[in-house]
There are 2 protein chains.
Amino acid sequence: MSGTTAADAVGHDELATLRVVALDSGLTGEVKVSCAGLGERLDASSQTASRRLQRLDDAGLLAREVTGDGQWVTVTDAGEAALRREYEQYRRIFEEPTSVELRGHVTSGMGEGRHYISLPGYMEQFRDRLGYEPFPGTLNVELAEESLRRRAGMEAVEAVAIDGWQDEDRTFGPASCYPATLVADGGRYETVHAIVPERTHHDESQLELIAPDRLRDALELEDDEELEVHVGA
Amino acid sequence: MSGTTAADAVGHDELATLRVVALDSGLTGEVKVSCAGLGERLDASSQTASRRLQRLDDAGLLAREVTGDGQWVTVTDAGEAALRREYEQYRRIFEEPTSVELRGHVTSGMGEGRHYISLPGYMEQFRDRLGYEPFPGTLNVELAEESLRRRAGMEAVEAVAIDGWQDEDRTFGPASCYPATLVADGGRYETVHAIVPERTHHDESQLELIAPDRLRDALELEDDEELEVHVGA
DNA sequence: ATTACTAATATACGAGTAC
DNA sequence: TGTACTCGTATATTAGTAA
């Protein structure tokens, strides 16, 4: 699996507690809870509810303000990311598997995307919407000829939208992140996204991949190595 | 909360185990797993993986065939239902507040729901949770065929829960009330709720509507008149 | 009313082992 | 290899209590 973020520090019981909070407060709002009430919904004692909230707090998945007669809690960005990771798993189970199988080979160009990926305006969205913080660089895949046509099928795959933004100097365009699985000789890597800039005229023959780890290392990839990219799977 | 099905008998750790199995086998297929491999994916020992599979099996959420060199497992219908319950919660957290547009026509059957609606155990809850005291009868809508499939999308709509209760003679089950708008030739009626019994096997092709007024009068409805029901709007 | 501590008890875990 | 026992130990839970 990989991915040792703060979310792994809490167990499934804590995550279920966070989910109940999110159901009540939404992802951005705050809600007043009492340990007794929360415990009842969780089928546990108020002490257990209290402890779970503390652990969620310690792990940074939840922010609390304890008052005399209860506490206001909000789900943090890290908490939202943790929940989204779970959500994406369930989606993979229940959603129609509209997947597009593409073939190609590793090509150079680890450099160009790197700069953009690591910009905070993008990185924040990756963390919140993809559920992980990508390695600051892209793996570029040069698509085989027969895959160029199939590439159009990617539009049927549900993508995660990344919004455009701007700083003082310039604007940065929006993009779409298509969930994908990368298959190489060295093994499979499940949590990959193909990132496609929305507006700019990019090279249709290349696919840029991001992932929690440096894919070249994780799969021991060599230059020009043949790959399969299962977009939407 | 209640809902004491077999699924509640297992903890969140077991459900997470079931999820991993579903990710590999799909909802219908079977997959060969080893406790050692499963334990690694779950960040636990093989003994723990073994115990979790046993408990899932005991709870009827998973079917196993243990062979000499591993075991084939499949997610049962009850297991799928348990996972779907989780999934629906995540959808409510992450999905946009959806509305489902259903079409159908007025049908008779004003009678059956009438008795239940007017029972004080329900009527009190309607007053408190829906904000009005419904006319003591339901408008039954026979759904058009294309709307039958869309009906499943209603589960993503946030409903008002009506608790079950009992008197000396019998028990009355819980139900869900989905906020809806009714559109007919005679006009629109905004404050409608589609009431769906929770447990009992009810007719999926019919939708029972309650509202502060008698809908037949308020919208001057005729038998078999075509209607639109916007659930969640 | 709350939250959260302490301490007794129940449960879960994993090493070792049998088959 | 595999599953699934037993059993000593670690962790989680909850009643009681303090603030």
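In what follows, every chain begins at residue 1, and chains take the letters A, B, ... in the order their sequences are listed. From a predicted model like this one, the values you see are computed outputs, not experimental measurements.
B/D57 pairs by the side chain to side chain donor-acceptor pair (under 3.5 Å) definition with B/R64, not counting sequence neighbours. With sequence neighbours left out, the side chain to side chain donor-acceptor pair (under 3.5 Å) criterion links A/Q125 to A/R129. In this structure, the salt bridge (Lys or Arg N to Asp or Glu O under 4.0 Å) partners of A/D223, at least two apart in sequence or on a different chain, are A/R216. When the side chain to side chain donor-acceptor pair (under 3.5 Å) test is applied to B/E155, no partner is found at least two apart in sequence or on another chain. In this view, A/E222 satisfies the side chain to side chain donor-acceptor pair (under 3.5 Å) rule with no residue, not counting sequence neighbours. Qualifying salt bridge (Lys or Arg N to Asp or Glu O under 4.0 Å) partners for B/D167, counting only residues two or more places apart in sequence or in other chains: none. With sequence neighbours left out, the salt bridge (Lys or Arg N to Asp or Glu O under 4.0 Å) criterion links A/R127 to A/E133.
Applying the ring-ring contact (aromatic ring centres under 6.0 Å, His included) definition to pairs two or more places apart or across chains, none involves residues 22-45 of chain A. For residues 170-179 of chain B, no pair satisfies salt bridge (charged side-chain N to carboxylate O under 4.0 Å, His left out), with sequence neighbours left out.
Of all nucleotides in DNA chain D, those with any atom nearer than 4.0 Å to a heavy atom of chain A start and finish, going 5' to 3', at D/dA12 to D/dG16.
The rotation axes computed at either terminus of the helix from C/dT2-D/dA19 to C/dC19-D/dG2 lie 30° apart, taking five pairs at each end and rounding to 10 degrees.
Atom CG in A/D69 sits about 13 Å away from atom P in C/dA4, given to the nearest Å. When the C1' atom of C/dA4 is taken as reference, atom CD of A/E65 falls 18 Å away, rounded to whole Å.
Separating the CG atom in B/L18 from the CD atom in B/E80 is a distance of 10.0 Å, to the nearest 0.5 Å.
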Query raised in the report: How would nucleotides 13-19 of chain C be written as a contact map, 5' to 3', with B for base contact, S for sugar-phosphate-only contact and - for no contact, using protein heavy atoms under 4.0 Å?
Result: BBBB---
